[in-house]
Engineer: 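The structure follows.
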Amino acid sequence: MDFYLEIKHICKQTGARYGILHTPHGDVETPMFMPVGTLASVKYLSPEDLYELEAGVILANTYHLWLRPGENVVANAGGIQKFMNYNGPMLTDSGGFQVFSLSEKRKISEEGVTFKNHLNGEKLFLSPEKSIEIQNKLGADIIMSFDECPGYPSTHDYMKKSVERTIRWAERGKIAHQNNKQALFGIVQGGEYPDLRQYCAKELVKLDFPGYSIGGTSVGEDKETLYKMIDYSIKYLPKDKPRYLMGVGSYDAILEGIMRGVDMFDCVLPTRIARHGALMTSKGRLNIRDKKYEYDLLPIDDECDCYTCKNYTRSYLRHLYKCEEGLVKRLLSIHNLRFLINLTKEVRKAIQEDRFGDFKNDFFEKYGLNSKNPRGF
RNA sequence: GCGGUUGUGGCGAAGCGGUUUAACGCACCUGACUGUGACUCAGGCAUACGUGGGUUCGAUCCCCAUCUGCCGCC
């Protein structure tokens, strides 16, 4: 089998997992953070940048690639890795999140979701089978079940119906899945309701997926609720399969997730906020456009080893940002991604040395994160 | 020299006798962004009605003078 998670160590202090995820496009260590490249491109970064970042798995999106350039264009190029010239593991999201994010332009039925194409208004229909068919053609190493991602909060009544449908969709997707080189993950939904999370997780486990995602997260819930969602889901998932927490990229939530047994994270946060001038640093958040950096010749973060921090000053980066020079988006994206990748790297080391609990506490203390100020990013 | 025209916060630009804290853009200063519809969204600052008179219960808005820029003519 080309795809499996090899658990190498479990932290005696916390139970957090260190492992190696084997994929057809190479091995990656977990826990890991996966940059998002929706349209087969991590915005402003080249594959060479991604290699230097040690980015590992890159995400792309079924819905967006379906619309442009179309899955056949990608298949014609030999699959998404060849198409975008990234020789590493990739993952495609199913389009389920777009049911949430494009909620004003869609209608959900048992069969699937009717979308209004956000580019030209054209009516489109995406079903579990269609999503899998597209993902088969895109050819990523890891693909996602087509799920419904309800907003937060949703009523128990609605969530129950939604979860039952998501489970049926997962089963339909599994039946439709034809490419045995791709690992299809089931997605646990159920909002903040423990009974629905349990039900969903158990039903999906019966279908025996090679990995499981925790979805319905990062849709407006607070951090404590997010952590409950993880807890309510993860305890029913098999220990030998990878767990992927979808859409979470703030560093505090990543650490909390890892402590709870999560192996994989993805998020647009580091790249999106970078494009808007906000940076994650070992001293907390920094906004490069702030006037106080006008004459500042220090790097963004003196503890960072990224290309940007090794070569550029805050003063220059601020100048680029203020002048809207495109280069700044690349340089800042590189920094934020490297920050999270380095964080998970340190976490892996801490897990192997059975001190992840201490690491997490130290980190939170250093960043001034506590119950009074629970917010990282 | 004569005629016309213009003059509103750093810049551009509404308003044209009585709902104005005098719009709105840009710039400037901040904040947000969590399976990317995103160089987006939100908020804030600002010694702004050329100057001096006059008409009016009331003038950015009307009249006179003056200064400034622009256009045209001798």
Side-chain angles (χ1 to χ4, degrees), chain A residues 33-44 57-65 67-68 90-106 115-121 124 131 135 140 142-150 152 185 187-189 212-223 225-226 229 244-254 256-257 262 264-280 285-294 318 320-330 332-333 336 340 375-377:
Chain A
F33 177 80
M34 309 181 287
V36 179
T38 304
L39 288 159
S41 164
V42 178
K43 293 185 190 303
Y44 297 93
V57 179
I58 301 296
L59 256 72
N61 186 281
T62 299
Y63 170 71
H64 296 278
L65 292 173
L67 299 191
R68 283 193 311 203
M90 291 198 64
L91 181 157
T92 45
D93 187 25
S94 62
F97 188 71
Q98 279 61 44
V99 174
F100 166 73
S101 65
L102 302 173
S103 60
E104 282 170 28
K105 299 187 188 308
R106 52 77 171 150
F115 282 87
K116 199 167 178 183
N117 181 332
H118 70 275
L119 301 169
N120 61 16
L124 296 167
S131 173
Q135 294 188 77
I142 305 167
I143 67 176
M144 292 296 125
S145 292
F146 186 64
D147 64 332
E148 185 197 341
C149 178
Y152 174 84
F185 281 31
I187 303 179
V188 181
Q189 291 287 351
Y212 297 89
S213 305
I214 299 168
T217 48
S218 297
V219 290
E221 77 284 0
D222 55 76
K223 287 279 165 67
T225 302
L226 167 64
M229 290 172 167
Y244 162 29
L245 180 60
M246 307 186 80
V248 169
S250 60
Y251 44 52
D252 49 337
I254 286 176
E256 292 290 350
V262 175
M264 305 158 65
F265 301 83
D266 84 285
C267 196
V268 304
L269 189 68
T271 43
R272 178 180 292 171
I273 67 175
R275 272 178 272 128
H276 299 159
L279 297 158
M280 299 174 173
R285 192 184 181 111
L286 180 158
N287 198 323
I288 199 63
R289 101 193 129 199
D290 286 357
K291 190 165 183 61
K292 59 187 166 189
Y293 304 120
E294 189 172 17
R318 177 176 193 272
L320 291 183
Y321 189 89
K322 299 292 288 182
C323 296
E324 299 180 58
E325 279 293 334
L327 174 61
V328 77
K329 292 183 166 56
R330 169 167 173 260
L332 301 188
S333 294
N336 274 353
L340 289 182
R375 207 177 138 279
F377 269 88

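Here is the naming used below: chain letters follow the sequence lines, and residue numbers restart at 1 for every chain.
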Engineer: Determine the stems involving RNA chain B; a stem requires 3 or more consecutive pairs of the Watson-Crick or G-U wobble kind, each with both distances below 3.5 Å, and the answer is none if no such run exists.
Structural biologist: B:1-5 with B:69-73, B:10-12 with B:24-26, B:28-32 with B:40-44, B:50-54 with B:62-66
Engineer: Roughly how many Å apart are B/rU30 and B/rA46, using the C1' atom of each and rounding to a whole number?
Structural biologist: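 15 Å, rounded to whole Å.
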Engineer: Base, sugar-phosphate alone, or nothing: which one does A/G216 contact when heavy atoms must sit under 4.0 Å apart?
Structural biologist: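 Base, at least one base atom sits under 4.0 Å.
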Engineer: Taking only the C1' atom of each, what is the distance from B/rC71 to B/rC28 in whole angstrom?
Structural biologist: 35 Å
Engineer: With sequence neighbours excluded, tell me which residues meet side chain to side chain donor-acceptor pair (under 3.5 Å) with A/D93.
Structural biologist: none
Engineer: With sequence neighbours excluded, tell me which residues meet side chain to side chain contact (heavy atoms under 4.5 Å, CB included) with A/F100.
Structural biologist: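 In terms of side chain to side chain contact (heavy atoms under 4.5 Å, CB included), with neighbours along the sequence ignored, A/F100 is linked to A/F97, A/C149, A/V219.
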Engineer: Given atom CD1 of A/I142 and atom P of B/rG35, what is their separation to the nearest angstrom?
Structural biologist: 17 Å
Engineer: Find out whether A/V36 and A/V42 are in side-chain contact, i.e. whether some heavy atom of one side chain is under 4.5 Å from a heavy atom of the other.
Structural biologist: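 With C-beta onward as the side chain, the pair stays apart.
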Engineer: Does A/E221 have any salt bridge (charged side-chain N to carboxylate O under 4.0 Å, His left out) partners at least two apart in sequence or in another chain, and if so, which?
Structural biologist: none
Engineer: For A/E325, what residues pass the salt bridge (charged side-chain N to carboxylate O under 4.0 Å, His left out) criterion, not counting sequence neighbours?
Structural biologist: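 Partners of A/E325 by the salt bridge (charged side-chain N to carboxylate O under 4.0 Å, His left out) criterion come out as none, since no residue qualifies.
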Engineer: Rounding to an integer number of Å, can you tell me how far A/K291 NZ sits from B/rA27 P?
Structural biologist: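 It works out to 15 Å between those atoms.
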Engineer: Which whole-number value in Å describes the distance from A/L269 CG to B/rU34 C1'?
Structural biologist: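 Spelled out: CG on A/L269 to C1' on B/rU34 is 5 Å.
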Engineer: Could you state the atom-to-atom distance from CG of A/D222 to P of B/rC33 in whole Å?
Structural biologist: 14 Å
Engineer: Using the P atom on both, measure B/rC73 against B/rU66 and round to a whole Å.
Structural biologist: 24 Å
Engineer: Please examine the side chains of A/V99 and A/F115, heavy atoms only from C-beta on, and report whether any two atoms are closer than 4.5 Å.
Structural biologist: yes
Engineer: List in chain and number order the residues that pass side chain to side chain contact (heavy atoms under 4.5 Å, CB included) with A/S41, two or more places apart in sequence or in another chain; answer none if no residue qualifies.
Structural biologist: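 So A/S41 forms no side chain to side chain contact (heavy atoms under 4.5 Å, CB included) with any residue.
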Engineer: Using a heavy-atom cut-off of 4.0 Å across all strands, would you classify A/R318 as base, sugar-phosphate, or nothing?
Structural biologist: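 Counting heavy atoms under 4.0 Å across all strands, the contact made by A/R318 is with sugar-phosphate only.
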Engineer: Report all interatomic pairs (protein N or O, nucleotide N or O of nucleotides 37-39 of chain B) with separations under 3.5 Å.
Structural biologist:
residue: B/rG37; atom: OP2; partner: A/Q98; partner atom: NE2; Å: 3.4
residue: B/rG37; atom: OP2; partner: A/S101; partner atom: OG; Å: 2.8
residue: B/rG37; atom: O6; partner: A/K105; partner atom: NZ; Å: 3.3
residue: B/rG37; atom: N1; partner: A/K105; partner atom: NZ; Å: 3.3
residue: B/rG37; atom: N2; partner: A/H118; partner atom: O; Å: 2.9
residue: B/rA38; atom: O2'; partner: A/R275; partner atom: NH1; Å: 3.0
residue: B/rA38; atom: N7; partner: A/R272; partner atom: NH2; Å: 3.4
residue: B/rC39; atom: OP2; partner: A/R275; partner atom: NH1; Å: 2.9

Engineer: Pick the P atom in B/rA22 and in B/rU47, then give their distance to the nearest Å.
Structural biologist: 13 Å
Engineer: I want to verify a distance call: between B/rC29, B/rG31, B/rU36, whose nearest atom is closest to the A/T271 side chain?
Structural biologist: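 The closest nucleotide is B/rU36.
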Engineer: Heavy-atom nearest nucleotide on RNA chain B for A/Y321 versus A/G247: which residue maps closer to 5'?
Structural biologist: A/G247
Engineer: For the pair made of CG in A/D147 and P in B/rG35, what is the distance, rounded to whole Å?
Structural biologist: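 Interatomic distance, CG of A/D147 to P of B/rG35: 13 Å.
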Engineer: What interatomic distance, in whole Å, is found between C1' of B/rC74 and the corresponding atom of B/rG10?
Structural biologist: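 Rounded to whole Å, the distance is 40 Å.
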Engineer: Side-chain N or O of A/R285 less than 4.0 angstrom from OP1 or OP2 on B/rC33?
Structural biologist: yes
Engineer: Any side-chain to backbone donor/acceptor pair from A/T92 onto A/A60? Under 3.5 Å, distance only.
Structural biologist: no
Engineer: A/E221 CD to B/rC33 P: how many Å, rounded?
Structural biologist: 13 Å
Engineer: Students often get this wrong, so: under 4.0 angstrom with heavy atoms, is A/L245 touching a base, only sugar-phosphate, or nothing?
Structural biologist: nothing
Engineer: Figure out the CD1/P separation between A/I273 and B/rU34, and round it to whole Å.
Structural biologist: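 Distance, rounded to whole Å: 10 Å.
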Engineer: Could you work out the separation of B/rC49 and B/rU20 based on their C1' atoms and round it to a whole Å?
Structural biologist: 13 Å
Engineer: Please report, rounded to the nearest Å, how far the C1' atom of B/rC33 is from the CE atom of A/M280.
Structural biologist: 10 Å
Engineer: Could you work out the separation of B/rC11 and B/rC33 based on their P atoms and round it to a whole Å?
Structural biologist: 36 Å
Engineer: Identify every side-chain donor-acceptor pair in residues 265-276 of chain A under 3.5 Å, counting partners at least two apart or on other chains, and give the distances.
Structural biologist:
residue: A/D266; atom: OD1; partner: A/Y244; partner atom: OH; Å: 2.7
residue: A/D266; atom: OD1; partner: A/G247; partner atom: N; Å: 2.8
residue: A/T271; atom: OG1; partner: A/V268; partner atom: O; Å: 3.0
residue: A/R275; atom: NE; partner: A/T271; partner atom: O; Å: 3.4

Engineer: What distance, rounded to whole Å, do you find between the two C1' atoms, one in B/rC67 and one in B/rG53?
Structural biologist: 14 Å
Engineer: Enumerate the protein-to-nucleotides 42-47 of chain B contacts in which both atoms are nitrogen or oxygen and the separation is below 3.5 Å.
Structural biologist:
none

Engineer: At under 4.0 Å, does any side-chain N or O of A/N61 touch on OP1 or OP2 of B/rG35?
Structural biologist: no
Engineer: Over all strands shown, is A/Q189 touching base, sugar-phosphate only, or nothing at heavy-atom distances under 4.0 angstrom?
Structural biologist: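 Base contact.
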Engineer: For A/D290, what residues pass the side chain to side chain contact (heavy atoms under 4.5 Å, CB included) criterion, not counting sequence neighbours?
Structural biologist: A/N287, A/K292, A/Y293
Engineer: For A/S131, check side chain to side chain donor-acceptor pair (under 3.5 Å) against everything at least two apart and list the hits.
Structural biologist: A/Q135
Engineer: Flag the pair A/Q189 / A/D147 as yes when at least one side-chain heavy-atom distance between them is below 4.5 Å, and no otherwise.
Structural biologist: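 In contact.
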Engineer: I'd like to check the side chain to side chain contact (heavy atoms under 4.5 Å, CB included) partners of A/K291; sequence neighbours left out, ordered by chain and number.
Structural biologist: A/E294, A/R318
